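Everything below concerns the one structure shown next.
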Amino acid sequence: MRIIDTKITKEMLSGDNFPQLKIGDKLYTVDNRQSTFDKIQDIQKDVTLTDKEKQDKTYELTLGKEAAKEINELDLSVESNVYLSFCVMGAVTGQDPDKLMEAAQKGK
C-alpha cells in the first residue's frame, strides 16, 4: 500500500493494497476503487453543493465518515487543507499530490 505523509515529508511511500494518508502519527486508509472515483466525479459536477460540501463528501467517500470527522476536527490551516485535498486525490488516482497541485496551479 502507498502511504502519503502529509505532515512531514509529503512523499508517497510504497506498500501493498489500499493507499493510506499519514496525518501526524495516524494512518488513514483511502478507498481508491473505481466506483469511489466515479462518485467523486459526480460530486464535483454537482452545482448545488458548495466547495466545502464537495470536500466533505469526498473525504467521507475516500476516508470514511469517522476519519473525515477526525480530520475536520483538526482545524487545519488553509494551506494544509488544500494540500490534503491533493493528497486524497493523489491517493485515489495513484498520482503524486505535488504534481497534481502544480498542474492545478498552472491551469489557473
Side-chain angles (χ1 to χ4, degrees):
M1 83 190 94
R2 289 185 315 276
I3 299 171
I4 301 173
D5 185 339
T6 61
K7 185 147 177 107
I8 301 168
T9 62
K10 297 182 182 178
E11 293 178 0
M12 293 182 99
L13 307 174
S14 62
D16 327 359
N17 302 326
F18 288 102
Q20 294 184 331
L21 293 178
K22 181 178 179 189
I23 302 174
D25 292 332
K26 189 158 185 182
L27 293 175
Y28 296 92
T29 300
V30 179
D31 183 345
N32 66 345
R33 296 175 295 168
Q34 182 66 47
S35 58
T36 300
F37 182 75
D38 293 342
K39 290 174 188 175
I40 292 169
Q41 295 299 315
D42 292 340
I43 289 168
Q44 295 304 314
K45 292 176 187 174
D46 189 341
V47 295
T48 65
L49 298 174
T50 66
D51 288 341
K52 175 70 171 134
E53 290 170 327
K54 290 177 183 181
Q55 176 182 299
D56 289 345
K57 288 180 178 288
T58 298
Y59 287 0
E60 286 180 11
L61 276 173
T62 56
L63 304 170
K65 289 185 180 187
E66 287 298 316
K69 182 181 175 188
E70 284 180 22
I71 290 168
N72 277 329
E73 290 173 355
L74 292 175
D75 197 23
L76 299 171
S77 68
V78 173
E79 179 183 10
S80 294
N81 205 21
V82 168
Y83 187 70
L84 178 59
S85 294
F86 284 100
C87 288
V88 168
M89 290 313 298
V92 171
T93 62
Q95 298 177 18
D96 183 306
D98 291 320
K99 290 182 181 175
L100 289 175
M101 184 182 283
E102 184 180 308
Q105 291 171 344
K106 286 181 181 177
K108 287 187 176 182

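Quick caveat, the model's predicted, so the values are computed rather than measured.
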Rounded to the nearest 0.5 Å, how far does CD of Gln20 lie from OG1 of Thr29?
-> 4.0 Å

Hey, are Tyr28 and Thr62 close enough side-chain-wise for a donor-acceptor pair under 3.5 Å?
-> no

Side chains of Met101 and Val82 in contact at under 4.5 Å (non-hydrogen atoms) = yes

Nearest heavy-atom approach of Tyr59 to Ile71 is CE2-CG2, 4.4 Å

Near Gln41 CD, under 6.0 Å, is it more than 12 heavy atoms from other residues, nucleotides or ligands?
-> yes

Nearest 0.5 Å, what's the NZ-NZ distance between Lys57 and Lys65?
-> 8.5 Å

Tell me, yes or no, whether the heavy-atom count around Lys54 atom NZ, taken from other residues, nucleotides or ligands under 6.0 Å, exceeds 12.
-> yes

d(Thr36 OG1, Asp31 CG) to nearest 0.5 Å is 3.0 Å

Might you point out which heavy atoms bring Leu21 and Ala91 nearest each other, and give the distance in Å?
-> CD2-CB, 4.4 Å

Contact check, side chains of Asn72 and Asp56, non-hydrogen atoms, under 4.5 Å = yes

Between CG on residue Leu100 and CZ on residue Phe86, distance to nearest 0.5 Å = 7.0 Å

Strictly by modelled atom types, are Asp98 and Tyr83 linked by a side-chain donor-acceptor pair under 3.5 Å?
-> yes

Which heavy atom in Leu84 sits nearest to a heavy atom in Ile23, and how many Å separate them?
-> CD1-CD1, 3.8 Å

Would you confirm whether Thr93, through its side chain, and Met89, through its main-chain N or O, come within 3.5 Å as a donor-acceptor pair?
-> yes

Side-chain donor-acceptor contact under 3.5 Å, Gln55 with Asp51 | no

Closest heavy-atom pair, Val88 versus Thr58, reported as atoms and distance to 0.1 Å, is CG1-CG2, 4.4 Å

Heavy atoms of Asn32 and Pro19 approach each other most closely as ND2-CD, 3.3 Å

How long is the span from the CG atom in Leu49 to the CG atom in Asp46, to the nearest 0.5 Å?
-> 3.5 Å

Salt bridge (charged side-chain N to carboxylate O under 4.0 Å, His left out) evaluation trace for Lys106 with Glu102 = CA-CA 6 Å; Lys106 286 181 181 177; Glu102 184 180 308; 3.4 Å; yes

Go through the steps to decide whether Glu60 and Lys69 satisfy the test salt bridge (charged side-chain N to carboxylate O under 4.0 Å, His left out), and finish with yes or no.
-> CA-CA 8 Å; Glu60 286 180 11; Lys69 182 181 175 188; over 6 Å; no

